[in-house]
Amino acid sequence: MTARPSFYVTTAIPYANGAPHIGHAYERIATDAIARFKRLDGFDVLFVTGMDEHGQKMQQTAARDGITPQALADRTAEQFARMGDVLNARADDIVRTTQPRHAKASQAIWQKMVERGDIYLSKYPGWYSVRDEAFFDESELKSGPNGTKLAPTGAPVEWVEEESYYFRLSAYQDKLLAYYKANPDFIVPETYKREVIAFVERGLTDLSISRSTFNWGVPVPGDERHVMYVWVDALTNYLTATGYPDMTTERAKFWPADAHVIGKDITRFHAIFWPAFLMSAELPIPKQIVVHGFLFNRGEKMSKSVGNVIDPFTLAEHYGVDPLRYFFLREVPFGQDGNYSHEAIVNRMNADLANDLGNLAQRSLSMIAKNCGGQVPDFGALTDADKAILADAYALPDKARAAMKDYALHHALAEIWRVVADANRYFASEEPWIKRKTDEARMANILAVTAEVLRNIAIMTQPFIPDASGKLLDLLAVAGDARSFAQVSEAHRLTPGTALPPTAPIFPRYVEAEEGAAKPAKA
RNA sequence: GGCGGAGUAGCUCAGCUGGCUAGAGCAGAGGAAUCAUAAUCCUUGUGUCGGGGGUUCGAGUCCCUCCUUCGCUACCA
């Protein structure tokens with residue numbers, strides 16, 4: 001038995017300082033869809049997310065709430081775990097940076113970089129506020145009386161030099177540029193690759209990678225006065241999941257990761273720092289950094305002052321998980337920023353899900369129930385129209401793979417819905433309700449073809465709207481082990497005579513509530 | 001300031017290395033049908049392809065210039 005190819009995909013790791021928001025939900029859903037897609041396409045998939053639980057802000061927030069940093073981390077981790085469950089986007093593993101396995105991995109990669117001569121002790125100079133216990137950039141400072149400088153908080157700052165370990169990032173400038181050139185798909189979409197290259201070409205300076213002004217972090221090996229700063233700590237999380245530094249575990253085969261799915265704000269860390277660390281540690285570099293955009297509520301960034309903050313739980317409950325997943329993945333061109341609004345969500349879920357796909361299933365399956373004894377009808381001799389629509393359905397895996405290769409999830413869905421639309425046209429032009437009176441055998445054939453097209457469509461929609469797709473496959477009596485992309489072919493078509501369960505609507509229409517009722521996306 | 005995107009029908013956008021009368025979805029208008037979640041199907045657009053200039057037999061598609069807009073320009077997760 002040949003081993004299935006492996007595929008390792010991750011989300012970024014949210015900072016455990018606050019509750020999940022729409023952006024986290026979007027990233028989790030998209031990554032889940034990618035993971036499901038690869039799984040259905042025969043890959044051995046590892047889907048990992050994590051939590052970034054260290055750092056000064058964690059200490060500060062915890063202190064404000066009167067709890068320990070670990071308690072804050074636990075609380076937030078629980079919220080994110082629940083989000084994953086609610087969105088039907090549960091990961092295989094959640095690596096928390098406070099876990100012992102992660103400290104082990106972080107210290108191992110650190111040690112390796114030390115051995116390679118890429119880490120050295122120096123001074124980290126900057127404007128420091130004792131009251132805030134934080135460094136501030138020159139540009140952040142306000143000028144106080146008598147030409148003194150003040151922190152944004154108004155606290156006085158002083159020029160200090162903190163001892164810090166540095167990573168020799170400057171030594172990797174040329175190596176990184178060479179790597180980008182040799183691996184043109186390393187950063188997608190293209191626009192972010194250009195930004196990264198431009199950044200690196202401007203020149204890299206060494207990176208401060210430890211702190212001694214706080215202690216909530218992974219201790220630096222051999223120097224307990226320091227903890228690792230966010231860079232090494234957070235990024236190593238991806239490695240931790242594979243069992244590093246133990247290269248003999250079952251998980252080890254998943255490194256290097258195939259795709260790190262991240263938001264555009266952290267591109268630099270993943271596309272520059274991370275590969276440099278890995279080069280230093282002589283570890284393979286991830287295949288791709290997949291960058292997605294931000295979501296805006298009616299063109300505006302979510303903010304408490306605008307009053308348009310909506311949490312993902314509310315949205316999922318109001319519209320349903322699959323409609324929400326479908327909307328995000330279909331409406332937003334992956335990689336670009338997107339907008340959401342109550343109207344846009346309702347339009348998508350009603351037009352695409354309820355009307356196009358849901359109604360096609362309903363109208364065809366109910367005819368089968370009423371006129372064909374509730375069994376898959378005979379296909380008969382296929383007409384050209386039958387063959388055409390079936391061929392379109394069977395071509396979907398290739399079309400979807402092509403789109404997913406570039407992480408164009410919205411294109412994959414567009415291809416699938418093109419067939420949904422064609423199937424509606426097919427159904428309308430074949431008029432099985434007329435044939436019922438004039439040519440019952442032909443009616444049966446039309447319904448069989450339509451059901452078969454639905455089978456293939458439902459298999460293909462599983463990554464994006466898993467729950468509803470599963471229900472549709474149930475209605476078609478497709479066995480649980482016959483739902484992979486490999487089964488999207490004529491060889492696996494529905495068997496005439498198979499009894500079908502009673503039909504039931506899969507995609508409910510969204511009906512507007514009374515005026516004044518709450519509309520989450522409108523806030 | 002520097003670098004890089006973008007500006008195409010009311011809306012969201014496709015239009016690869018230049019070539020038939022510039023497209024899709026949604027929204028709008030008219031019609032058909034009644035199997036179906038009043039869901040579907042058909043028909044329907046006089047769009048200065050941001051402005052101007054240029055190259056070419058021919059340019060959203062190449063060059064120049066101007067306007068508008070967005071992103072990046074490192075130690076914040």
Side-chain angles (χ1 to χ4, degrees), chain A residues 12-18 24 51-58 61 97 124 126 134-137 140 152 164 166-167 169 189-211 229-231 233-235 237 262-269 272-273 293-294 330-333 336-339 343-344 347-348 350-371 410-411 414 417-418 421 423-437 443 446-447 450 503-511:
Chain A
I13 61 173
Y15 197 51
N17 197 27
H24 296 123
M51 298 299 300
D52 177 10
E53 305 181 329
H54 285 137
Q56 191 169 36
K57 271 190 186 163
M58 285 295 289
T61 302
T97 58
Y124 180 67
F135 279 88
F136 294 98
D137 189 79
E140 295 180 277
S164 170
Y166 274 79
F167 173 73
L169 184 64
E190 181 98 23
T191 179
Y192 294 109
K193 181 176 94 175
R194 275 193 289 263
E195 284 184 6
V196 165
I197 290 175
F199 184 91
V200 176
E201 283 177 339
R202 265 191 287 268
L204 297 176
T205 58
D206 291 349
L207 192 67
S208 168
I209 55 171
S210 79
R211 287 292 183 276
Y229 193 46
V230 59
W231 315 133
D233 185 356
L235 290 164
N237 163 285
I262 62 166
K264 64 182 185 180
D265 54 330
I266 52 176
T267 306
R268 182 186 312 145
F269 314 133
I272 300 174
F273 300 171
F294 293 156
R330 176 68 184 87
E331 184 88 0
V332 182
Q336 296 178 221
D337 290 343
N339 278 294
E343 289 75 12
N347 189 42
R348 276 292 177 194
N350 281 353
D352 293 7
L353 297 180
N355 298 351
D356 287 351
L357 180 53
N359 185 55
L360 175 64
Q362 186 71 5
R363 68 199 302 206
S364 56
L365 293 176
S366 74
M367 280 195 78
I368 290 175
K370 288 174 190 166
N371 306 298
H410 59 300
H411 280 156
W417 253 261
R418 198 190 311 279
N424 266 314
R425 275 187 278 278
Y426 164 84
F427 199 81
S429 68
E430 294 299 318
E431 301 177 312
W433 56 92
I434 303 285
K435 298 292 190 298
R436 184 185 59 186
K437 301 163 191 161
M443 173 204 72
I446 295 164
L447 295 176
T450 304
T503 62
I506 305 157
F507 300 103
R509 273 182 72 74
Y510 182 95
V511 180

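Letters A, B, ... are given to chains in the order of the sequence lines, protein chains preceding strands, and every chain is numbered from 1.
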Touch class at under 4.0 angstrom, heavy-atom based, for [X] against every strand present:
| X | answer |
| --- | --- |
| A:Asp206 | base |
| A:Ile13 | nothing |
| A:Thr191 | nothing |
| A:Thr205 | base |
| A:Lys264 | nothing |
| A:Leu204 | base |
| A:Asp337 | nothing |
| A:Gly263 | nothing |
| A:Gly358 | base |
| A:Trp417 | nothing |

Candidates [options] - which lies nearest the side chain of [X]:
| X | options | value |
| --- | --- | --- |
| A:Arg509 | B:U37, B:C72, B:C75 | B:U37 |
| A:Met367 | B:C35, B:C75, B:A39 | B:C35 |
| A:Asn347 | B:C75, B:A39, B:C26 | B:C26 |
| A:Leu207 | B:A36, B:G2, B:A74 | B:A74 |
| A:Asn424 | B:G4, B:C41, B:A39 | B:C41 |
| A:Ile434 | B:U40, B:U34, B:U37 | B:U34 |
| A:Arg425 | B:C41, B:U37, B:C75 | B:C41 |
| A:Trp433 | B:C76, B:A33, B:C75 | B:A33 |
| A:Asn359 | B:A77, B:A36, B:G4 | B:A36 |
| A:Ala428 | B:C13, B:U40, B:C72 | B:U40 |

Could you check which nucleotide pairs with [N] in any of the strands shown, counting Watson-Crick or G-U wobble with both distances under 3.5 Å?
| N | answer |
| --- | --- |
| B:C35 | none |
| B:G25 | B:C11 |
| B:G1 | B:U73 |
| B:U46 | none |
| B:A6 | B:U68 |

Between [X] and [N], is there a contact of a side-chain N or O with OP1 or OP2 at under 4.0 Å?
| X | N | result |
| --- | --- | --- |
| A:Tyr229 | B:A77 | yes |
| A:Lys370 | B:A36 | yes |
| A:Arg436 | B:C35 | yes |
| A:Arg348 | B:C26 | no |

Chi angles and distances behind the side-chain contact (heavy atoms from CB on, under 4.5 Å) call for A:Leu353, A:Trp417 = CA-CA 10 Å; A:Leu353 297 180; A:Trp417 253 261; 3.7 Å; yes
Which whole-number value in Å describes the distance from [X] [atom1] to [N] [atom2]?
| X | N | atom1 | atom2 | value |
| --- | --- | --- | --- | --- |
| A:Phe294 | B:C72 | CZ | C1' | 13 Å |
| A:Asn355 | B:C35 | CG | P | 18 Å |
| A:Gln336 | B:A6 | CD | C1' | 10 Å |
| A:His410 | B:U12 | NE2 | P | 16 Å |
| A:Glu430 | B:A33 | CD | P | 18 Å |
| A:Arg202 | B:C75 | CZ | P | 13 Å |
| A:Asp265 | B:G71 | CG | P | 13 Å |
| A:Met58 | B:A77 | CE | P | 12 Å |

[atom1]-based separation of [M] from [N] [nearest Å]:
| N | M | atom1 | answer |
| --- | --- | --- | --- |
| B:A59 | B:G53 | P | 13 Å |
| B:G47 | B:G60 | P | 14 Å |
| B:C64 | B:G71 | P | 25 Å |
| B:C66 | B:G10 | P | 29 Å |
| B:U17 | B:C62 | C1' | 11 Å |
| B:G51 | B:G7 | C1' | 12 Å |
| B:G23 | B:U65 | P | 33 Å |
| B:G52 | B:A32 | P | 45 Å |

query = Are A:Glu195 and A:Thr267 close enough, and set up right, to give a side-chain contact (heavy atoms from CB on, under 4.5 Å), and what steps lead you there?
reply = CA-CA 9 Å; A:Glu195 284 184 6; A:Thr267 306; over 6 Å; no
inquiry  = Using 30° and 60° as the class boundaries, would you call the ring planes of A:Phe269 and A:Phe273 parallel, tilted or perpendicular?
reply    = tilted
task = Apply side-chain contact (heavy atoms from CB on, under 4.5 Å) to A:Asp265 and A:Phe294, showing your working.
result = CA-CA 9 Å; A:Asp265 54 330; A:Phe294 293 156; 3.7 Å; yes
State, with a plain yes or no, whether a side-chain heavy atom of [X] is found less than 4.5 Å away from one of [Y].
| X | Y | value |
| --- | --- | --- |
| A:Arg363 | A:Thr450 | no |
| A:Asn347 | A:Glu343 | no |
| A:Asp352 | A:Phe507 | no |
| A:Phe427 | A:Leu447 | yes |

task = Name the orientation of the base relative to the sugar in B:G54: syn if the glycosidic angle is within 90° of 0, else anti.
result = anti
query = Does A:Tyr426 use its side chain to pair, donor to acceptor, with the backbone of A:Ala421 at less than 3.5 Å?
reply = no
Along RNA chain B (nearest heavy atom to each residue), the more 5'-positioned of A:Ala354 and A:Ile209 = A:Ala354
First encountered from the 5' end of RNA chain B, between A:Ala198 and A:Ala421 = A:Ala198
key: A:Arg509-A:Asn359 side chain donor-acceptor pair, cut-off 3.5 Å   = no
